[in-house]
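Comments concern the structure below.
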There are 2 protein chains.
Amino acid sequence: MTFLKAEQPQLFKDHAYKEIKKAIIQHQIEPGSMLYERSLSESLGISRTPLKLALQQLELEGWILSVPRKGISVKTINKQDVDEVFQLRKANEVLAIELLIPLLNHETIDKIEKADEQLYDFREDPLKFVYYDSSFHLLLAELSQNHRLYQLIHNLTDQFNWFRFAALKAGQSVDEIYYEHKLMIEGLKTRNVRQTTEAVLNHIDHAQTIIANLIDNEENPMTH
Amino acid sequence: MTFLKAEQPQLFKDHAYKEIKKAIIQHQIEPGSMLYERSLSESLGISRTPLKLALQQLELEGWILSVPRKGISVKTINKQDVDEVFQLRKANEVLAIELLIPLLNHETIDKIEKADEQLYDFREDPLKFVYYDSSFHLLLAELSQNHRLYQLIHNLTDQFNWFRFAALKAGQSVDEIYYEHKLMIEGLKTRNVRQTTEAVLNHIDHAQTIIANLIDNEENPMTH
DNA sequence: ATATGGCATCTGGTATACCAGATGCCAATG
DNA sequence: CATTGGCATCTGGTATACCAGATGCCATAT
């Protein structure tokens, strides 16, 4: 029995992983640009060993491409990448809904409504809206009680946010999406799997359309 | 233009990853047992740096648990783990079917039937049967043309195989599952999404029942 | 002018030395 | 006898030196 919290030590690899991923998602690092272990480790103030671990995680999650003895680059994306991510999101967020609904109770419904209110507060602030929209989807995944599913959706929403930051930079707003959440919540409150599923699919499809148009239309630094 | 094949160099980390994962799946390493970086690196004949990369990949994929400065252990599993893996398998293999069917042609159907014949050849050899059954499911994932989905199903079927090796060790055979493939193939050949989906779900449910019983029934080294 | 060979210098990959937290034994102390 | 403090020795984490493949420049040869 241990009372003094064995707080997890902050490992350099985790810190590096978060920092680099954030920089990629927020487009502080452009897709296609090279990363160099030596200069990165220097700017992060750590050695190459924990940095390599961070980079490998990013590679396994599909953010960067590492070619042995040649170099590491931030991945560029094309329409197929967008399609793949959205196909997976749809199937797995629907799964989360199906698992979640039989588990709902007053407490969890309350949590969901609270999360949605937070979202509403930031409907005019695109950056924060992106953040809280993800939180909303992640909350549903968490309440599905399938931890592997949560991890998967987490990864997919991160990738989605990457696309989305590009849309924001390009001046496109996706804020009207907020109102689609209302339909999802109504479906959840009435434990209606079909209504909720449809609302989720509409919600995701709507986002996909916006992103797909952005990717298709022109040369932009995300595509190769 | 490069004609001389730029064959990917064999990296030590990949070799170590494959070897350790194989040992875990085939239960040469028992769940719950500890792994030590120094002795592992020695027995693999590599240093700790590439080994750490291999171990981290195994951790990210859920095979092992690493506690900073304390140790690394092979994960034990419980009924919830089994449920999680099978929930994900069902949703995502159904997705693969839905994506695959509109893409089918003579060539791909031929591939699928060939794979099934190979499977039939090993219906009496449980070890090889496990291998070719996975190949069959992976082929369907591959033909869905969603690479992320392929990777996901690959990971899930590997975890499934881990369960399955335990079933084989416990003397339970799951070979009758072969005949369920026939129904899947018929559905595919007639491009019938509903029939194929149902066959896949039955197929996976059948396997889940066998594994769940094994986990539930008794103390065995997989559970904690 | 062009093709080529070799070297300087990039890159990531690997091995290893060292650091710090965790643990358990055991002697010193009450 | 029970408790405690400290040290020996485990563990993984980190920093760093070195190795080898990849690349491009430039001198040289044709």
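This structure is a prediction, so every number in the text was calculated from the model and none was measured. Reminder, nothing fancy here: chain letters follow the sequence lines and each chain counts from 1. What you see below is based on every heavy atom in this structure, not just the backbone, and it leaves out hydrogens, waters and symmetry mates.
As a whole-Å value, the separation of Tyr36(B) OH from dC10(D) C1' is 9 Å. As a whole-Å value, the separation of Met34(A) CE from dT11(C) P is 9 Å. Put simply, CZ on Phe12(B) is 18 Å from P on dG12(C), counting in whole angstrom units. In this structure, the CD atom of Glu42(A) is 14 Å from the C1' atom of dT16(D), given to the nearest Å. For the pair Glu37(A) CD and dT9(C) P, the computed distance is 21 Å after rounding to whole Å. One atom, CG of Leu35(B), and another, P of dC10(D), lie 19 Å apart when rounded to the nearest Å.
Among residue pairs with one or both ends in residues 96-105 of chain A, those qualifying as side chain to side chain donor-acceptor pair (under 3.5 Å) are Asn105(A)-Thr108(A); sequence neighbours excluded.
Leu40(A) comes within 4.0 angstrom of no nucleic acid atom, judged by non-hydrogen atoms across all strands.
Near DNA chain C, meaning a heavy atom under 4.0 Å away, the residues from residues 46-59 of chain A are Arg48(A), Lys52(A).
Phe165(A) meets the ring pair (Phe, Tyr, Trp, His ring centres under 6.0 Å) test with no other residue; sequence neighbours excluded. For the side chain to side chain contact (heavy atoms under 4.5 Å, CB included) test, residues two or more places apart in sequence or in another chain that qualify with Phe12(A) are Ile46(A), Pro50(A). Applying the ring pair (Phe, Tyr, Trp, His ring centres under 6.0 Å) rule to Phe136(A) yields the partners His181(A); only residues at least two apart in sequence or on another chain are considered.
Lys114(A) has no carboxylate O lying under 4.0 Å from a charged side-chain N of Glu107(A), or vice versa, which leaves the two without a salt bridge. A salt bridge is defined here as a Lys NZ or Arg NE, NH1 or NH2 lying under 4.0 Å from an Asp or Glu carboxylate O, and Asp81(B) with Lys75(B) fails to meet this definition. Between Asp14(B) and Lys18(B) there is no salt bridge, since no side-chain N of the basic residue sits under 4.0 Å from a carboxylate O of the acidic one.
No close placement of the His137(A) and His154(A) rings is indicated, their centers lying 6.0 Å or farther apart. Taking the centre of each ring, Phe129(A) and Phe122(A) stay at or above the 6.0 Å mark.
Mapping Arg38(A) and Ser66(B) onto DNA chain D by nearest heavy atom places Ser66(B) closer to the 5' end of the strand.
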Under 3.5 Å between N/O atoms: give me all the protein pairs with nucleotides 20-25 of chain C, atom names plus distance.
unit_1  : atom_1 : unit_2   : atom_2 : d
dT23(C) : OP1    : Lys70(B) : NZ     : 2.8

